[in-house]
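Here is the naming used below: chain letters follow the sequence lines, and residue numbers restart at 1 for every chain.
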Amino acid sequence: MAQKYSPHEIERKWQHKWAADHIHEVKEDSKRPKFYALTMFPYTSGDLHVGHWYAMSPSDVCARFKRMQGYNVLHPMGFDAFGLPAENAAIKHGIHPYDWTVKNIDNMRRQFKSMGAVYDWNREVITCLPEYYKWTQWFFLRFYHAGLAYRAKAPVNWCPECQTVLANEQVVGEGSCERCGTPVTKKELEQWFFRITKYAEELLDHSRLDWPERIKIMQRNWVGKSEGAEISFRLEDASIKQREIKVFTTRPDTVFGATFFLLAPEHPLVPQLTTPEHKAEVDEYIAWCRRQTEYERTAIGREKTGAFLGSYIVNPLNGERVPIWITDYVLPTYGTGAVMAVPAHDERDLEFARKFELPVRTVIAPLGWTGEELSEAYTDSGTMVNSGEFSGLTSEQGYEAICNLLEEKRWGKRTITYRLRDWLISRQRYWGAPIPMIYCDKCGIIPVPEEDLPVLLPPDAEFKPTGESPLKYCQSFVNTTCPKCSGTAKRETDTMDTFVCSSWYFLRYTSPETGDAPFNADKMRYWLPVDLYTGGAEHAVMHLLYARFFVKALRDMGLVNFDEPFSRLFNQGTIICSGDKMSKSRGNVIAPDEYVAEVGADAVRGYLMFIGPWELGGEWNDRGLVGVSRWLNRVWSLATTDYSSRVVDLETEKEFLHLMHKTIKEVTADLERLRFNTMVASLMEFSNYLSKVKERGMVCDSLWREAISHFLLLLAPTAPHLAEELWARTGHSYTIHNQPWPEYDQELAKEEEITLVIQINGKLRDKLLVPASISEAEAKELALNRERVKAYIDGKKLTRVIYVPRRVVNIVVAS
RNA sequence: GCCGAAGUGGCGGAAAGGCAGACGCGCUACGUUCAGGGCGUAGUGUCCUUAAGGACGUGAGGGUUCAAAUCCCUCCUUCGGCACCA
């Protein structure tokens, strides 16, 4: 009896040999087509759980498959290493964030290596090391000089738990912190922003990207483009310096229905527009608004609130004076922070009008309108009425006519508004890339000269639960000299959002050794863009949007030569455990290590792919793992025990060859489509068939050997260690992973015989094994002459016979 | 409220509009010098039937079609995203 399959042993053996032989190292090679297969790098939380394996294994299989197909494949791995948990660990356990992170990386790298992936570890990127964050800072300076980074005072999202500001994209659900789930509050702060809004329009364009539809939709909604017009309403009170207030509307055709005017409570003109007799009420309302959380304020369906300022403004179209109110449903951050209220044609405005007994005037008539007051806001298009010279036009005509008039009279213009806000990148924390700016009393805000980079994090900062950045209290860091006047100056103590670090890591992988630039331009041009990017969908409007923005900005600076970083994107689903998403806080994390020790990495990889479609995720289940493990054991004995032919027959050999080519075809197609579950099923089906044939010795020895070697090649991406071991044991030369992917013969992959299904009135009544080449006439003839068919159609009128080549004959009879 | 994805045996899941349930788990029976979560063979959607065979069956209800898990309409459930954006 041959030796038993002991995964632990062979996996260790081959991992060491592959590493010693450097077979996973890749070099640029202009003679071969390149393939850049990238998986989102993990955060350095400490351990890899099976959720990480679920993300990494299939993409490794894909990279291996592409390698065997002859591509020069870059499949790198690294660590997203800055961030809050490291700092929290420092506060809690007194360990320095750097030490905590490095310790975690060492452990995670070891776990990664046990997976047997083709990562080229020479290209590892770690974002918290100075040789990396030097370039994150360098990019910041480039953005600053290009006018894409600016400092501004703004009401920002503040997480009281994390003690830092957050970007809009990092506020999720009912206004909670994306990291810790704490409700976010607003704070007025001076912060650094990246001008992502400059690229709003271009970020809407996914036309050349092979991305999941839902991610494209999420990004489009996030950017939130609205077309309309800006209209200036004239202030009645001539003593106010600013003579007018602009509103944004998507419905300029409804302007004659504007019966009142709304401002956000935060609007800067509110104090000036408030008359003395309304001041008390207005102040009280503003104070009440301030007490609302962002979520409470913007929750849909809540009762309208507001206050009258006592003053009026004039509608330029009809010269009508309308009262100015403030209300919290007008957002200071969208459009102009001011709205012309058209209650007849906007649900929110109608609610407001009803609550405060303000007039409602229909100006767009629905079809068949007879002049009565409408019970609901009519928001569709219709015929304009009560609109002066524009009455009688359709909404669409009126839209154009009014816009033309606005532009002619300089009362306003056509305009586009986006929901997207600029990206707030300042974080009041230690463990991030310091923002390389200096504040000088004499010279103002001065960028750190490029040659002085990196601005290093001071190793001796103290970590205390003060809620403020340790950098702020680190005198050796804060105090510096002004690069311009050499006088005393202070450093910016905020660090950058870690999403800045992850917005360019895919560029660094191409040449992580480069010391004089963020990346080597030639190598970058060879590898980029990424051909296949895989990761979780939770990054739809964060990382994936930021990285696209980064690339567009770099392109405009002449640093990269492409428009989009990720040509094809695929989002895998989530692995759940006892009904919940796996997470440390839930305590339901499953570590792969014990399973790897028990059944081997190949079985764990195979099982994760077999669970179901990759994009759907699924539940981790030990019993399912057993199935794959048993299969690999059967594969082991299939290939390691001797084969001897006994009752060779030509028909079986033909069928055997056909199944082999069909399997190659299916496995190849499934890998291209990233359908790993059915790919594994095809492999199982073929190995089951091989076992059956082996038992009876029905094919000749050479054909058997060919089938085994082809099977091992198809298995190699999925179970790289086992395939390598069996490749060696069946007398092939090292290494299976440098072999070409098997080709299939189109003719042999086709079925020779097919099962023709015979239906009567669409119901299955008989089956027929026929040659695939059968003609329509023959098929119908055969079907109609079957005894069982005759019994059904006897005495009935035959109305139709439908023939679908290679599939079905449907006989339609009248009863 | 809006947008998106999904709903198929006891379970995970397969099915270019054309044999529903591939593959795997579980279960049943039998076999095995098999003490274990081992291996092999056969079976396994539900109901009727000794059998041959038949009826029913892909969240619910309609529709299109010779033919629907698949396409269309209405609704229900679950999960994700957005959420007063003028």
Side-chain angles (χ1 to χ4, degrees), chain A residues 4 172-175 212-218 220-222 224-226 228 247-251 254 262 295 297-302 304 327-331 333-342 345-349 351-352 417-420 537-538 540-541 571 573-574 576 581 598 606-607 610-613 615-631 633-634 637 675 677-686 688 691 695 754-767 788 799-813:
Chain A
K4 243 184 91 185
V172 298
E174 303 188 354
E213 202 54 37
R214 68 190 162 122
I215 302 293
K216 294 198 263 184
I217 290 169
M218 279 165 75
R220 272 203 296 275
N221 290 342
W222 189 260
K225 179 180 182 175
S226 293
V247 296
F248 171 73
T249 178
T250 54
R251 294 294 299 275
T254 64
L262 295 167
Y295 177 70
R297 171 169 176 174
T298 56
I300 198 162
R302 67 196 283 261
K304 294 288 174 283
T327 180
D328 63 356
Y329 78 85
V330 172
L331 305 173
T333 49
Y334 183 79
T336 60
V339 168
M340 63 172 204
V342 184
H345 307 291
D346 182 283
E347 281 169 39
R348 298 155 298 176
D349 296 346
E351 272 179 59
F352 192 89
T417 295
Y418 300 93
R419 215 188 69 118
L420 182 71
E538 66 272 20
V541 294
N571 297 116
T574 319
I576 55 171
K581 187 173 171 174
E598 205 178 321
Y607 167 62
F610 191 58
I611 287 178
E615 67 271 28
L616 295 184
E619 172 124 28
W620 174 267
N621 182 340
D622 292 17
R623 286 204 309 249
L625 176 62
V626 166
V628 175
S629 166
R630 285 207 287 243
W631 170 57
N633 271 290
R634 287 200 301 275
S637 49
R675 297 297 300 265
N677 57 329
T678 48
M679 185 268 300
V680 172
S682 292
L683 290 173
M684 285 175 169
E685 238 173 306
F686 189 52
N688 289 347
S691 303
E695 205 181 318
I754 52 163
T755 306
L756 199 60
V757 168
I758 302 171
Q759 299 177 337
I760 292 161
N761 288 345
K763 278 198 157 64
L764 173 80
R765 293 300 178 194
D766 204 356
K767 291 178 192 177
R788 298 184 42 188
T799 47
R800 231 173 128 178
V801 180
I802 288 146
Y803 173 68
V804 182
R806 306 170 66 88
R807 295 222 181 260
V808 81
V809 177
N810 189 12
I811 299 160
V812 186
V813 293

As a test of reading the structure: which of [options] is closest to the side chain of [X], going by heavy atoms?
X      : options                : answer
A:E685 : B:rC66, B:rC23, B:rG53 : B:rC23
A:Y334 : B:rG24, B:rC85, B:rA22 : B:rC85
A:A681 : B:rG4, B:rA22, B:rC56  : B:rA22

For atom [atom1] of [X] and atom [atom2] of [N], their distance in whole Å:
X      : N      : atom1 : atom2 : result
A:I760 : B:rG54 : CD1   : C1'   : 14 Å
A:R220 : B:rG4  : CZ    : P     : 11 Å
A:E347 : B:rA83 : CD    : P     : 18 Å
A:W222 : B:rG81 : CH2   : P     : 12 Å
A:M340 : B:rC85 : CE    : C1'   : 15 Å
A:D346 : B:rA86 : CG    : P     : 9 Å
A:I215 : B:rC3  : CD1   : P     : 18 Å
A:E213 : B:rA6  : CD    : P     : 12 Å

Just name whichever nucleotide pairs with [N], Watson-Crick or G-U, keeping both distances under 3.5 Å, else none.
N      : answer
B:rU74 : B:rA60
B:rG80 : B:rC3
B:rA69 : none
B:rU46 : B:rA55
B:rG17 : none

Roughly how far apart, to the nearest Å, are [N] and [M] at atom [atom1]?
N      : M      : atom1 : answer
B:rG54 : B:rA20 : P     : 13 Å
B:rG61 : B:rA51 : C1'   : 38 Å
B:rC19 : B:rA6  : C1'   : 26 Å
B:rG17 : B:rU64 : C1'   : 12 Å
B:rU46 : B:rG21 : C1'   : 13 Å
B:rC76 : B:rA15 : C1'   : 26 Å
B:rA22 : B:rA14 : C1'   : 5 Å
B:rG12 : B:rA83 : P     : 33 Å

Non-neighbouring partners of A:W222 that pass ring pair (Phe, Tyr, Trp, His ring centres under 6.0 Å), sequence neighbours left out: none
With sequence neighbours excluded, residues passing ring pair (Phe, Tyr, Trp, His ring centres under 6.0 Å) with A:F610: none
Stepwise side-chain contact (heavy atoms from CB on, under 4.5 Å) check, A:D349 with A:L262: CA-CA 9 Å; A:D349 296 346; A:L262 295 167; 4.0 Å; yes
Distance test, side-chain N/O of [X] to OP1/OP2 of [N], below 4.0 Å:
X      : N      : result
A:R214 : B:rA5  : no
A:R765 : B:rA55 : yes
A:R419 : B:rA83 : yes

Could you write nucleotides 27-49 of chain B as a row of B, S and -, 5' to 3', where a protein heavy atom under 4.0 Å of any base atom gives B, of only sugar-phosphate atoms gives S, and otherwise -? ----------BSSSS--------
I'd like to compare against my own output: the B/S/- annotation of nucleotides 8-19 of chain B with a strict under-4.0 Å heavy-atom distance to protein. ----BSSSB-BB
Atom pair CZ/CD of A:R220 and A:E213 - distance to nearest 0.5 Å: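 One finds 6.0 Å between CZ of A:R220 and CD of A:E213.
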So do the side chains of A:N621 and A:Y607 get within less than 4.5 Å of each other, counting heavy atoms only? yes
Nearest heavy atoms of A:R765 and A:I760, plus distance in Å: CG-CD1, 3.8 Å
Which residue, A:R788 or A:V339, contacts RNA chain B at a nucleotide closer to its 5' end, judged by nearest heavy atom? A:R788
Does CZ belonging to A:R623 count more than 12 external heavy atoms closer than 6.0 Å?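 At most 12 heavy atoms, drawn from other residues, nucleotides or ligands, come within 6.0 Å of this atom.
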Give A:T333 one of three labels, base, sugar-phosphate or nothing, depending on what nucleic acid heavy atoms sit under 4.0 Å from its own.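 No contact.
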Checking all strands, does A:D349 fall into the base, sugar-phosphate, or nothing category for heavy-atom contacts under 4.0 angstrom?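 Touches nothing.
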Going by side-chain hydrogen bond (donor to acceptor under 3.5 Å, both in side chains), name the residues that satisfy it together with [X], two or more places apart in sequence or in a different chain.
X      : result
A:S629 : none
A:R251 : A:D253
A:R419 : none
A:T254 : none

List the residues meeting salt bridge (Lys or Arg N to Asp or Glu O under 4.0 Å) with A:R630, not counting sequence neighbours, and say none if there are none.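 Once residues adjacent in sequence are excluded, A:R630 has no partner under the salt bridge (Lys or Arg N to Asp or Glu O under 4.0 Å) criterion.
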Glycosidic conformation of B:rG9, taking syn as within 90° of 0 and anti otherwise: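 B:rG9: syn glycosidic orientation.
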